[in-house]
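The structure under discussion appears below in the form of structure tokens.
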Amino acid sequence: AAPFACRERWRLYLAPKRHSPDFFQISVMELEDLAHVLKRVLQMYYFKLNDVPFNIAVWTRPSVETHRDSWFGSFRPGHRAESSYNYFHWYIGFYPR
């Protein structure tokens, strides 16, 4: 998807159709589809945009195990981390420099 009003030209987001808060929960078929889409996106950045420099970021929910034992957990005592991130939808962002 291309955002309506981007901060940078050629910014792009890839997100799965199926709701999933965690990138590491994708199936093998979804991973294969993602590989094909990534290949096409990278070809577009290379051939159509003259190899424009960019950064890639995978945005996924925080790790539940790390959250429970980290210093961040002290800000929300008694908070159930497992259920609080179920609304999140992971995505991959391409950010031209």
Side-chain angles (χ1 to χ4, degrees):
F4 176 73
C6 299
R7 291 183 187 163
E8 300 92 13
R9 290 176 59 182
W10 316 118
R11 179 183 275 197
L12 183 71
Y13 297 120
L14 296 178
K17 288 183 179 181
R18 180 181 65 90
H19 175 72
S20 175
D22 193 351
F23 173 76
F24 299 103
Q25 291 177 347
I26 62 177
S27 68
V28 173
M29 283 181 41
E30 290 171 326
L31 192 59
E32 289 173 359
D33 289 340
L34 177 62
H36 293 293
V37 172
L38 279 175
K39 181 179 178 181
R40 291 194 60 186
V41 168
L42 295 174
Q43 287 174 341
M44 179 194 69
Y45 273 98
Y46 186 78
F47 294 113
K48 301 290 184 184
L49 301 176
N50 296 324
D51 198 17
V52 64
F54 62 92
N55 294 329
I56 299 176
V58 177
W59 296 92
T60 186
R61 74 171 184 180
S63 172
V64 175
E65 292 78 20
T66 305
H67 176 76
R68 195 177 298 140
D69 296 331
S70 72
W71 63 271
F72 185 73
S74 63
F75 291 110
R76 301 176 89 176
H79 181 67
R80 293 208 49 192
E82 295 87 1
S83 63
S84 66
Y85 295 113
N86 288 336
Y87 64 88
F88 191 82
H89 195 85
W90 72 266
Y91 63 94
I92 299 174
F94 293 83
Y95 307 98
R97 291 188 250 160

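Just so you know, these numbers use all the heavy atoms, side chains as well, and skip hydrogens, waters and symmetry mates. Throughout, numbering of the chain's residues begins at 1 and tracks the sequence.
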Consider only side-chain heavy atoms of I, L, V, M, F, W and Y, link residues closer than 4.5 Å, and tell whether [X] and [Y] are in one cluster.
X	Y	value
L31	I56	yes
L38	F24	yes
Y46	V37	no

Problem set entry | Candidate pair Q43 and K39, rule side chain to side chain contact (heavy atoms under 4.5 Å, CB included), full reasoning | CA-CA 6 Å; Q43 287 174 341; K39 181 179 178 181; 3.4 Å; yes

For this session: Can you spot which of W59, Y91, W90 makes a ring pair (Phe, Tyr, Trp, His ring centres under 6.0 Å) with Y13?
Result: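 Among W59, Y91, W90, the one that satisfies the ring pair (Phe, Tyr, Trp, His ring centres under 6.0 Å) with Y13 is Y91.
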
Problem set entry | Heavy-atom side-chain proximity of L34 to F23 below 4.5 angstrom | yes

Problem set entry | Least distance between heavy atoms, S20 atom then Q25 atom | OG-OE1, 3.7 Å

For this session: Determine the minimum heavy-atom distance between R18 and S27, stating which atoms define it.
Result: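 Shortest heavy-atom separation between R18 and S27 comes out as NH2-N, 4.4 Å.
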
For this session: Any chance you could measure T60, atom OG1, to F88, atom CZ, to the nearest 0.5 Å?
Result: 6.5 Å

Problem set entry | Aromatic ring pairing F94/Y45, orientation class (parallel under 30°, perpendicular over 60°, tilted between) |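 Rings of F94 and Y45: parallel, under 30°.
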
